[in-house]
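See below for the structure under consideration.
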Amino acid sequence: MAGRAARWGVALALGGLWWWGMLRLVLAPDAGVLEGAVVTGGWGLSLLPVHCVPKARGEGVTGPGRWPEVWPRWRSARGRRTPSG
């Protein structure tokens, strides 16, 4: 439980730092490189695919050689028409 609270604390602190930098860039005429670096870094971190897992460990992984046999069943199971019909 302490680890979860610490993660939330760090996330809130970094979020607050990002908002401080953003508001200074927008509202303060003397904002500079530091604020720009904080805002750009925070925006860049938001683009990281943090919910990805290695392909071999993903749920429902199909090997590269099995796609031709699995693809038509997958499409029909999802309610879509297969290319042949």
Side-chain angles (χ1 to χ4, degrees):
M1 187 67 174
R4 187 177 203 177
R7 282 193 305 258
W8 271 103
V10 168
L12 289 174
L14 291 175
L17 184 64
W18 186 85
W19 275 106
W20 165 81
M22 179 60 80
L23 290 175
R24 282 229 358 121
L25 277 176
V26 172
L27 301 174
D30 63 337
V33 175
L34 176 65
E35 291 87 352
V38 167
V39 171
T40 303
W43 180 79
L45 284 175
S46 73
L47 298 177
L48 287 175
V50 294
H51 299 292
C52 294
V53 296
K55 188 175 180 179
R57 290 179 33 205
E59 184 177 325
V61 172
T62 301
R66 292 197 51 219
W67 274 109
E69 72 181 58
V70 174
W71 181 252
R73 284 184 293 171
W74 178 79
R75 286 181 57 100
S76 62
R78 305 254 315 165
R80 297 184 183 133
R81 294 179 57 192
T82 59
S84 62

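Computed over heavy atoms, backbone and side chain alike; hydrogens, waters and symmetry mates excluded.
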Next on the checklist: A quick test of your reading: do over 12 heavy atoms of other residues, nucleotides or ligands sit less than 6.0 Å from CH2 of Trp20?
Outcome noted: yes
Scan the side chains in residues 22-39 for donor-acceptor partners under 3.5 Å anywhere in the protein, sequence neighbours excluded, and list what turns up.
from, atom 1, to, atom 2, distance (Å)
Arg24, NE, Glu35, OE2, 2.8
Arg24, NH2, Glu35, OE2, 3.2
Glu35, OE1, Gly32, N, 2.9

Next on the checklist: I need the full list of salt bridge (Lys or Arg N to Asp or Glu O under 4.0 Å) pairs touching residues 11-22, with sequence neighbours left out, sorted by first then second residue.
Outcome noted: none
